[in-house]
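In what follows, a single structure is set out as structure tokens and then discussed.
All chains are named by letter (A, B, ...) in the order of the sequence lines, taking the proteins before the strands, and each is independently numbered beginning at 1. Just the heavy atoms: all of them, side chains too, but no hydrogens, waters or symmetry mates, feed the values below. Just so you know, these numbers come straight off a predicted model, no measurement behind them.
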Number of protein chains: 2
Amino acid sequence: MEAEMMVHDAKACIQLVPIFQSLSTKEKAEVATLVRHHHFAAGESLFTAGDAVTSLLIVAHGQVKITQIAANGKEQLLYLLNPGDFDGEAALFKASTRQNFGTALSATDVCLIRREDFQKLLQRSPQLALNILNAFGQRLASVTEQTTRTTTASIEERLAMYLLETAGKNTADFTLPLKKKDIASYLGTTPETISRKFRDFADAGLIKKLAVNRFQILDPDQLALME
Amino acid sequence: MEAEMMVHDAKACIQLVPIFQSLSTKEKAEVATLVRHHHFAAGESLFTAGDAVTSLLIVAHGQVKITQIAANGKEQLLYLLNPGDFDGEAALFKASTRQNFGTALSATDVCLIRREDFQKLLQRSPQLALNILNAFGQRLASVTEQTTRTTTASIEERLAMYLLETAGKNTADFTLPLKKKDIASYLGTTPETISRKFRDFADAGLIKKLAVNRFQILDPDQLALME
DNA sequence: CGTTTCCTTGAGGATGGTCAACCCGTGTGG
DNA sequence: CCACACGGGTTGACCATCCTCAAGGAAACG
């Protein structure tokens with residue numbers, strides 16, 4: 001029964017993940033046999049810097065935050081993994097130890113493929129390699145974008161961008177998916193400053209505070225103009 | 001004669017580039033037939049944001065700076081391409097236009113492989129794909145590192161790190177490879193601040209100024225302690 | 001030798017970090 | 001059911017860092 005469960009989850013994982021989607025049904029079945037899955041509760045650590053990298057990790061359900069600790073001890077939130085995202089450095093890199101930390105933000109299911117199995121897969125399926133290259137390219141572009149923004153834009157501008165991206169279409173009523181502490185870490189600032197900027201935005205009539213960490217965006221155009 | 005010249009350059013390019021090094025001699029010869037090369041004078045633009053991406057670009061000789069223009073119009077130096085480096089986003093991405101700018105810092109020779117040719121190569125050589133994935137992974141780690149540093153460290157700390165990395169073993173007498181304007185852009189600050197910090201370092205006895213943009217590092221350990 | 005580009009230095013001011021106090025919602029145990 | 005503790009959020013006062021603007025000097029280049 002447990003085995004059946006695993007196969008079910010493995011298939012779900014593979015269906016979910018963009019990098020496997022262009023594979024044939026036969027190939028997908030093959031991949032499914034290699035997959036192990038694992039569950040983490042909110043707040044649990046998936047891995048820690050210094051851990052040996054033994055598997056490629058794919059998020060099936062939930063949300064994972066990836067952080068790095070700077071030389072001075074400060075934590076920096078690098079990016080979030082949502083369902084379908086994978087941890088790229090993982091299976092491919094020569095460096096065999098993790099450089100960063102992975103923590104589950106909510107209850108999370110992940111699929112794991114062992115490094116060696118994955119390398120064999122890659123050798124046999126050039127299309128898979130292409131898919132991964134594309135995914136990598138996109139993450140690279142996103143991290144690059146983040147760097148540019150951090151070094152050139154003010155906190156106010158960065159927060160405005162973050163709000164628009166995070167809210168998406170739900171401008172009428174949306175809840176911040178992260179604590180202020182994490183947003184601050186992501187944007188390279190402090191919770192206090194985030195708090196103040198939210199107040200400023202509200203004073204300027206750009207947003208309306210519905211509750212703690214719940215907002216309505218009144219003037220998206222003006223917010224976008226900040227950047 | 002020109003054809004012979006080109007073949008020569010093509011071979012040189014392929015010898016130089018890590019991603020091709022694990023290929024068989026036969027495969028390398030194949031790759032060589034696909035390569036076109038091009039020369040740029042110092043200061044010349046290799047490509048501009050908005051250009052269609054038609055080729056993978058490999059630097060054979062010289063140095064290229066890759067920059068991005070932020071929304072507010074400020075230029076941010078992302079990274080440098082040295083001999084053997086390639087422009088990764090280039091041939092692989094779905095997005096068919098450049099997001100950033102490439103400018104030759106010195107006289108530069110590059111090799112070009114057309115997108116379609118490269119994709120075919122990838123399909124046939126899984127090892128090549130693995131090499132590229134590794135290279136991508138390293139660039140990703142480097143950009144990530146840069147982001148963390150920028151958001152968590154002070155300018156002083158960032159400059160100290162930059163100095164140590166750039167000087168390498170030549171602590172006794174080394175010349176900055178970039179203008180202060182570019183260093184500033186790379187570290188997310190202004191030329192004025194760079195100038196002042198250099199003076200501070202000199203006052204503190206950490207470095208000694210030999211000439212404009214030429215320095216001796218007196219106390220690398222102390223510099224490293226900054227971070 | 002003049003022009004341009006880069007570098008340096010200073011004065012002043014904005015931005016945002018730090019520290020500390022207080023508030024509020026949630027949960028826990030008496 | 002209430003007191004209390006706890007984690008996060010908010011606010012204020014103060015201060016360090018670093019940017020901007022401006023002017024002058026040095027080096028590079030024709």
For A/K74, the side-chain contact (heavy atoms from CB on, under 4.5 Å) test, sequence neighbours excluded, returns A/N72, B/T152
Polar atom pairs (N or O), protein with nucleotides 12-14 of chain D, under 3.5 Å:
from, atom 1, to, atom 2, distance (Å)
D/dG12, OP2, A/R199, NH1, 3.1
D/dG12, N7, A/R196, NH1, 3.0

Holding to side-chain contact (heavy atoms from CB on, under 4.5 Å), I want the full list of residues that pass it with A/T103, two or more places apart in sequence or in another chain. A/K65
Tabulate atom names and distances for all N/O pairs under 3.5 angstrom spanning the protein and nucleotides 14-16 of chain C.
from, atom 1, to, atom 2, distance (Å)
C/dG16, OP1, A/I155, N, 2.8
C/dG16, OP2, A/K197, NZ, 3.4

What's the shortest heavy-atom distance between B/T166 and B/Y162, and which atoms? OG1-O, 2.6 Å
Any pair with a residue in residues 183-211 of chain A that passes salt bridge (charged side-chain N to carboxylate O under 4.0 Å, His left out), sequence neighbours left out, goes on the list, sorted by first then second residue, please. A/E156-A/K197
Detail all sub-3.5 Å separations between protein N/O atoms and N/O atoms belonging to nucleotides 4-7 of chain C.
from, atom 1, to, atom 2, distance (Å)
C/dC6, OP1, B/K179, NZ, 3.1
C/dC7, OP1, B/K180, N, 3.2
C/dC7, OP1, B/N213, ND2, 3.1
C/dC7, OP2, B/K180, N, 3.3

Once salt bridge (charged side-chain N to carboxylate O under 4.0 Å, His left out) is applied, do any residues pair with A/R149, and if so which ones, sequence neighbours excluded? A/E145, A/E165
Between CG on residue A/L46 and CZ on residue A/F40, distance to nearest 0.5 Å: 4.5 Å
Watson-Crick or G-U pairs under 3.5 Å in DNA chain C, rendered as dot-bracket with [ ] for crossing pairs and | for another strand: ||||||||||||||||||||||||||||||
By side-chain hydrogen bond (donor to acceptor under 3.5 Å, both in side chains) - contacts of B/D173 (at least two apart): B/R214
Whole Å only: how far is the CG atom of A/L176 from the P atom of D/dT10? 10 Å
Taking only residues at least two apart or on different chains, which pairs with a member in residues 38-48 of chain A satisfy side chain to side chain donor-acceptor pair (under 3.5 Å)? A/H39-A/D109
Rounded to whole Å, please give me the gap between CD1 in A/I183 and P in D/dT10. 10 Å
Who are the side-chain contact (heavy atoms from CB on, under 4.5 Å) partners of B/T189, not counting sequence neighbours? B/I155, B/A184, B/L187, B/T193, B/I194
In terms of relative ring orientation, are B/F215 and B/F174 parallel, tilted or perpendicular, with 30° and 60° separating the classes? tilted
Return the value, rounded to whole Å, for the distance between atom CG of B/D200 and atom C1' of D/dT17. 12 Å
Sorted by chain and residue number, the ring-ring contact (aromatic ring centres under 6.0 Å, His included) partners of B/F20 (sequence neighbours excluded) come out as none
Whole-Å distance between C/dT8 C1' and B/F201 CZ? 17 Å
A/I194 CD1 to D/dG8 P, straight-line distance once rounded to whole Å: 15 Å
Report the distance from atom CG of A/L210 to atom P of C/dG25, rounded to the nearest whole Å. 15 Å
Where is the tightest heavy-atom contact between B/E75 and B/S185, given as atom of each residue plus distance? O-OG, 3.3 Å
Treating B/N100 as the side-chain partner and B/Q68 as the backbone partner, does any N or O pair qualify as donor plus acceptor under 3.5 Å? no
